[in-house]
Structure formats: C-alpha cells, structure tokens
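Worksheet: one structure, shown below.
If you're wondering where the values come from, they're calculated on a predicted model, not measured in any experiment.
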Amino acid sequence: MLTARDWDFCQIQLNYMDVEHQQGIRGYYLAQERGVPIVIMEPNKGGALANLPADIESIFRAYDPDASMASWAFRWIASLSNVKVVLSGMTTMAQVVDNLSVFHAFKPLNHRESILVEEAAKAIRAKTKNGCTGCNYCMPCPFGVDIPRNFKIWNTYAMYENKEQAANGFQSLDRSNAFASVCKKCGACENKCPQHLPIRAHLEQVAMDRKAWGIDEEE
C-alpha cells in the first residue's frame, strides 16, 4: 500500500509492546524511508501500558518515581522521528494533564531510558503463559471451545493483570459455552497446532488460573 502512490500520511498502531504486531516497527521504517509522515494509534495499548503490574512498574519507578507509566509509553513512541501525531484516548482530567505535561516540553528518551523500556517490555513478555499465535489451525473445536481466545485472555491477564478486561473476556466465553472447562480432552486440536502446544493441559490450566486469580463467573 505504501508503494501504491505518494501518500500525505498514514496511521498505524504502534507501541513498545507491539513492535511486531500488524505492520509494527518494520512498517514504521518503511513509511519513514518513503517520506510518509505517521500518525500513531494505540500508543498506550488501550491503557494496558498506563497500568502495569507492580513488578514492571518498579523498573520505571526506580529511575523516575514521579513519571507516570503512560508518559513512558508516549515518550517512547514520540521519540521516533517520523511520528508526527500521537492519538490518546483520555477519560479523566488527570490523564489530560499528564498527557499535556509530556508533550509541553517534550524530551526524547535518552539511551538509558530506551534500555529501561526494552527491559520492561522483555519482562512483560516473559509473563506470557504460552506461545499461541492465534493462527486458528486448532479450530474448530468439536466441543465448541474457543481455544485461541482462551489463550489470548490467559496470556494478556498474565502480562498486564487487567482484571476487568479478563473478567469480561471470560464471561463472553461462558455465554457462548466456549470456555476452557468445556474441553473434553479429545486431542484433535493438538494434532493441528503448528506450535506443538500441549493444548489440553493448557486449557485445564486456564480454568485453574482463572479461579486462582479470582476471576470467576460471578466477577
């Protein structure tokens, strides 16, 4: 698409966790090479990077105890020279004030700060429960389990600990009778999985972790 004509600008999703998602950082550099200015959406990954687990947050707090988690995500994306507009979905006045403070006297990340962001991103990814890519080769399940969706919610909660988001996701699976506990352990899915994941064992763990995390049907 970028080579189809001389574009005035393009809009992409990009943040320090999604460098390989959709067009990712490769798309950014391709647009930069062609001189196409970039508008960024999801710089905070739908708010996930503004509310990080305590152990991840401590990585940033140790360096700058006063900086918000959102400010790190904004500074990372705005430090890319071809980013011209950063979109932010603010819901409170405090978020508006914080966003304005970041860009009023903007400071690109220095070398040490860039390393901190990389360390945080690596630590978040290390929390992933399994390597499901959502390719859907395991589907359809004979018993109706939405295998990729179960694993996506499982992995996302483990990484970001957003309880409300996970509860909503699990409840939607409950309503469609597609939650992990519906699995009958037939094994049909495992024969099709390119990642060779132990899907049956992992689905069982999804159900166990949901209870351990306190995200039950009444949540």
Evaluate whether atom [atom1] of [X] has more than 12 neighbouring non-hydrogen atoms of other residues, nucleotides or ligands under 6.0 angstrom away.
X: R26; atom1: CZ; answer: no
X: K185; atom1: NZ; answer: yes
X: F106; atom1: CZ; answer: yes

task = Output all residues satisfying side-chain contact (heavy atoms from CB on, under 4.5 Å) with K84, sequence neighbours left out; order by chain, then residue number.
result = P37, N82
Listed pairs under 3.5 Å, donor-acceptor, residues 86-98 side chains, sequence neighbours left out:
from, atom 1, to, atom 2, distance (Å)
S88, OG, N99, OD1, 2.5
T91, OG1, Q95, OE1, 3.1
T92, OG1, Q95, N, 3.2
Q95, OE1, T91, N, 2.7
Q95, OE1, T92, N, 3.4
D98, OD1, S68, OG, 3.2
D98, OD2, S68, OG, 2.7

request  = Return each pair, listed once, that meets side chain to side chain donor-acceptor pair (under 3.5 Å) where at least one residue sits in residues 3-12; pairs must be two or more places apart or across chains.
outcome  = none
task = If a pair satisfies side chain to side chain donor-acceptor pair (under 3.5 Å) and one of its residues is in residues 27-37, list it, with sequence neighbours excluded.
result = Y28-Q32, Q32-S81
inquiry  = side chain to side chain contact (heavy atoms under 4.5 Å, CB included) for I77 and N15? Distances and angles first, verdict last.
reply    = CA-CA 6 Å; I77 196 67; N15 54 67; 5.7 Å; no
note = One should read off an interatomic distance between R149 CZ and S172 OG, to the nearest 0.5 angstrom, of 5.0 Å
Spatial distance of atom CD1 (I56) from atom CD (E161) [nearest 0.5 Å] = 8.5 Å
key: With T156 via side-chain hydrogen bond (donor to acceptor under 3.5 Å, both in side chains) - residues at least two apart   = none
Sequence neighbours excluded and cut-off under 3.5 Å, please list the side-chain donor-acceptor pairs for residues 38-49, or say none.
from, atom 1, to, atom 2, distance (Å)
E42, OE1, G46, N, 2.7
K45, NZ, D18, OD1, 2.9
K45, NZ, D18, OD2, 3.2

query = Any link between M208 and W213 through a network of hydrophobic side chains (Ile, Leu, Val, Met, Phe, Trp, Tyr) touching at under 4.5 Å?
reply = no
